[in-house]
*Asks:* 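Here's a structure for you.
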Amino acid sequence: MTSAKQRLVIVEGSALHLGLRIAGALAIIATAFALPYVLEPFRLSQIAGACVYAMAVVGLNLLAGFGGQISLGHAAFFGLGAYTTGVLTTGYGVDPALSFLVGIVVCFAVGVIVAFPALRLRGIYVALVTLAVGLIFPTLVIRFADLTGGSTGLFGVTYQPPDLAYFSGFNGRVYWNYWLAVAGLALACLVVRNLMNGRFGRSVIALRDNETAAVIMGVNRTGTRVVVFGTSASIAGLAGSLFAVSSGLLTPLSFSLLLTLYFLAGMIIGGASSFWGPVLGGFLIYFVPVWSAELSSINGSQNLAGVVFGVIIILITFFLRSGLAGLVRTLLGLVVRVEPRMPVAVPSAARASLSEPRLTERHHLSAPADDRPELDRSGVGSTDAARNH
Amino acid sequence: MEFELFLTRLVQGINNGAIYAFLALALVCTYRGSKALNLAQGELAMICTFVSWSLAANGVPLPLAILGGVVVGGLSGAAIERTLIRPLGRDAHYSVLLVCVGLFLAINALAGFIWGGDPQSFPAVVPDAPDDFVPVMGVRLRYQQLVILVVLLVLVAALYAVFRYTRFGLSMRAAASNPDSASLVGVRVNRVNAWGWVLAGAVGALLGPLIAPSTTLSTSMFFTFIIYACAAATVGGFDSPIGAVIGGLFIGVTENLVASYVGFIGDSLKLTVALVILLVVLMVKPSGLLGTREVERV
Amino acid sequence: MSLELQGVSAGYGAGDVLHEISLDVRPGEVVVILGANGAGKTTLMRAVSGVIPRRGRILFEGKDISRTGPEQIVRLGLAQVPQGRGTFVDLTVEENLRTGALSRRDSARVNEDLDRWYTTYPRLAERRRQKAGLLSGGEQQMLAVSRAMMSRPRLLLCDEPSLGLSPRLTQELFASLRSINEEWDMSMLIVEQNAAIALGIATRGYLLEVGTIARAGSADELSDSDAVRAAYLGY
Ligand SMILES: Nc1ncnc2c1ncn2[C@@H]1O[C@H](COP(=O)(O)OP(=O)(O)OP(=O)(O)O)[C@@H](O)[C@H]1O
Ligand SMILES: [Mg+2]
């Protein structure tokens with residue numbers, strides 16, 4: 001372990017700390033603006049697709065990472081948003097923007113409905129509820145074929161770009177879908193960040209880490225869980241809506257259990273309970289299959305992506321419970337150290353308490369009964385590294 | 001005529017239900033000891049069926065080829081328990097589920113990688129030509145389907161007898177009921193749980209070759225069956241083998257009758273019927289018909 | 001020596017609960033361990049029977065068992081009645097008793113022993129086909145003692161056998177523990193809150209305070225000690 005002296009020390013809230021954070025944000029924004037000029041259009045639409053997946057993963061992370069409630073049905077919320085937009089715009093001539101809103105509301109409502117049975121159950125039974133809901137969705141799409149196009153699919157979902165010079169060129173539609181996806185992803189990240197960086201976020205973490213203690217401390221279990229479920233579902237739903245307008249074609253098969261498992265894979269690989277890990281994970285689950293199909297022409301090579309994801313999920317569950325985000329944080333922690341503004345003498349027990357939600361990220365993967373400190377230790381670095389966002 | 005039609009549908013339901021029950025039995029075997037919902041159970045069965053198919057395609061007599069697959073299934077079960085489940089410790093529902101998700105993706109893709117994405121036809125153990133059936137009251141009981149049903153009943157009877165009347169069975173039940181006390185009376189709890197995985201792997205590997213002649217052999221052959229199996233195990237109670245069989249048959253028969261007689265549902269919502277039953281059971285009695293109630297901590 | 005602990009420490013990961021405990025139980029002796037809630041009595045029992053990892057030396061009949069697992073230890077002849085009884089609630093009473101004999105090889109004599117415990121506790125015989133979870137607390141305690149005895153141990157660890165029992169049932173239970181001790185010449189290590197009754201059948205005792213032995217002595221010495229009287233005997 002490098003000693004504190006050799007590390008660059010940054011005081012939290014200092015000009016340097018603030019400056020670095022602003023610089024980071026600016027770099028991201030600059031990249032977003034630069035990409036349309038440097039990438040070929042088909043690459044740009046791939047980025048848009050990855051942003052949409054990343055959004056869904058960010059939504060799932062709110063429920064399964066921060067909330068500690070695994071969901072085996074998130075593809076259904078994604079699909080529900082997609083079909084809401086698809087059906088409303090193609091069938092009823094509704095403005096796509098309005099259909100996004102309807103999708104968000106519908107997904108929130110369904111999320112809340114699913115949250116209630118899940119509230120009373122624990123362990124595998126929660127997973128079973130979400131599994132059932134997730135699988136019912138495609139069957140309903142097929143059953144109500146006159147509305148949804150059934151197994152053949154729903155064609156021609158689009159969102160006409162606004163009348164701006166920027167979007168008027170040959171690739172205007174690609175740019176427009178790209179910006180929709182980028183804006184959606186940014187919105188999702190901001191919503192999750194704001195929710196988790198406050199009182200509400202502390203309640204969510206407290207419920208995940210020790211439900212009984214949290215309830216005794218006055219956390220509103222039902223309210224919190226229901227809002228988390230609903231918000232998570234509506235983020236996935238908005239991602240689905242954006243997927244619908246950018247892909248143009250919806251089939252029930254696109255929203256199968258496999259998609260849910262890929263979302264889970266993205267969350268775990270990127271880093272559950274982290275803010276930017278799921279974004280990374282979302283990009284990975286989109287691009288790894290694309291690359292492995294492009295790189296090799298062996299028959300069945302796209303299967304390699306599945307093998308890789310499966311193995312990585314298992315490895316991460318064992319050795320790197322905070323995923324890539326945690327790994328990066330640990331590595332950064334070796335060179336940079338972010339200190340709290342005033343290192344006053346706070347008893348360590350009190351500091352590790354619920355008053356500082358970011359500290360508890362170490363326990364990210366733990367469902368209430370699954371608290372295994374000895375494994376957590378291996379995943380993430382020391383607390384000072386954990387503070388470094 | 002009406003009645004004959006009803007009987008045909010009932011028999012169809014029982015045939016499907018037997019398959020659900022079979023796979024649910026495997027789920028129960030792992031759940032009892034490790035409290036793990038092995039989502040990858042179907043995929044494990046699928047890849048073992050491919051192993052049997054490869055053996056048969058290379059000239060091994062079919063029964064031996066199936067036995068080979070069953071052995072591979074049992075060994076893989078043991079290996080998974082030993083290396084991926086046991087180290088996570090008891091009550092690690094979340095992590096275990098994630099590992100099973102990982103296994104699901106990995107095994108499914110691995111099979112696709114090795115054997116390709118095209119469905120293969122699988123030879124039947126008994127004659128399976130269109131006229132290979134026993135007519136009973138105008139209903140055709142196909143040999144292949146009878147075989148599944150008989151094997152299922154023999155299997156569950158054997159399991160019941162082992163659980164009920166042998167020392168090994170008593171150890172298994174004690175370990176499932178209270179692992180701490182079980183180790184205090186000398187039960188090697190880990191070893192007993194590993195046997196649960198061995199059984200599950202073998203049961204799944206036996207089911208694959210029995211259904212493959214009609215479903216064809218493909219990497220997705222178990223996608224819906226595993227869902228039905230979850231529903232069946234939930235209805236029967238996740239730790240009860242007999243419950244799994246009752247649950248499987250109940251779901252098979254109900255979905256078939258509902259699909260036939262309720263026009264609104266039709267064939268396309270068959271799976272939905274099973275899933276709705278699953279949800280209702282979870283809300284009304286999560287422990288199922290015959291399962292033991294878990295002690296609630298909150 | 002039946003059981004001998006030399007500098008045994010143990011805990012649950014976060015830190016040690018027991019610090020360098022040394023004690024012994026001679027053949028045929030009944031030794032009682034007194035201590036407040038949370039003193040580490042149950043932890044001590046778990047350390048001895050191998051349920052939790054521990055350091056130091058634990059000798060059972062001269063053999064070091066400090067690295068042996070619980071399944072093996074019970075085969076060596078050391079059985080435990082866990083705190084809270086550890087009943088297999090969804091097994092029948094008889095099946096519960098039979099689990100006690102799972103560590104034995106001589107199945108033929110198991111039935112003899114079953115009858116023996118049914119005679120000692122007729123209430124168990126009446127309910128032999130019932131689910132054990134339906135038994136009353138006292139009946140479950142009898143079941144737990146009989147189940148441990150079904151392995152024919154030479155040393156019995158009992159963790160708070162009186163927990164949740166009425167004073168009369170407690171009396172009965174200790175009377176039967178005493179007769180087991182005399183009839184089978186079995187050594188016993190008993191954790192008990194009810195100091196008066198436990199010291200009544202014990203030869204010696206230890207007082208455990210926050211994970212260390214605070215006092216040791218014969219039953220009479222402990223009964224006379226002011227510390228024990230004030231804290232556990234209430235006079
Ligand atoms: N499973 C566990 N995990 C972590 N700490 C534990 C565990 N069990 C007990 N402890 C802690 O170890 C200490 C000693 O507990 P122990 O159960 O040995 O006490 P005891 O003397 O048996 O008390 P009682 O009379 O209430 O049964 C306590 O502080 C307790 O909080
Ligand atoms: Mg105790």
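Side chains included, hydrogens not; waters and symmetry mates left out as well; all remaining heavy atoms used. First the proteins, then the strands, lettered A, B, ... as listed; each starts at 1.
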*Asks:* Non-hydrogen atoms of chain C under 4.5 Å away: do they reach the side chain of B:A182, the backbone, both or neither?
*Replies:*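 B:A182 touches chain C through backbone and side-chain heavy atoms alike.
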*Asks:* What residue pairs, at least two apart or across chains, pass salt bridge (Lys or Arg N to Asp or Glu O under 4.0 Å) with a residue in residues 23-40 of chain C?
*Replies:*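 Listed once each, the pairs are C:D24-C:R204, C:R26-C:E29, C:E29-C:R204.
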*Asks:* Give me a line-by-line list of donor-acceptor atom pairs from chain C to chain B that are under 3.5 Å apart, or tell me none exist.
*Replies:*
residue, atom, partner, partner atom, Å
C:Q72, OE1, B:R188, NH2, 3.2
C:R75, NH1, B:G186, O, 2.9
C:R75, NH2, B:G186, O, 3.1
C:G86, O, B:S181, OG, 2.6
C:D90, OD1, B:S177, OG, 2.6
C:E95, OE1, B:R173, NH2, 2.8
C:E95, OE2, B:R173, NH1, 3.1
C:E95, OE2, B:R173, NH2, 3.0
C:L102, O, B:R167, NH2, 2.8
C:R104, O, B:R167, NH1, 3.2
C:R104, O, B:R167, NH2, 2.9

*Asks:* Under 4.5 Å from any heavy atom of chain B, what part of C:A101 do you find: side chain, backbone, both or neither?
*Replies:*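 Looking at C:A101, just its backbone touches chain B.
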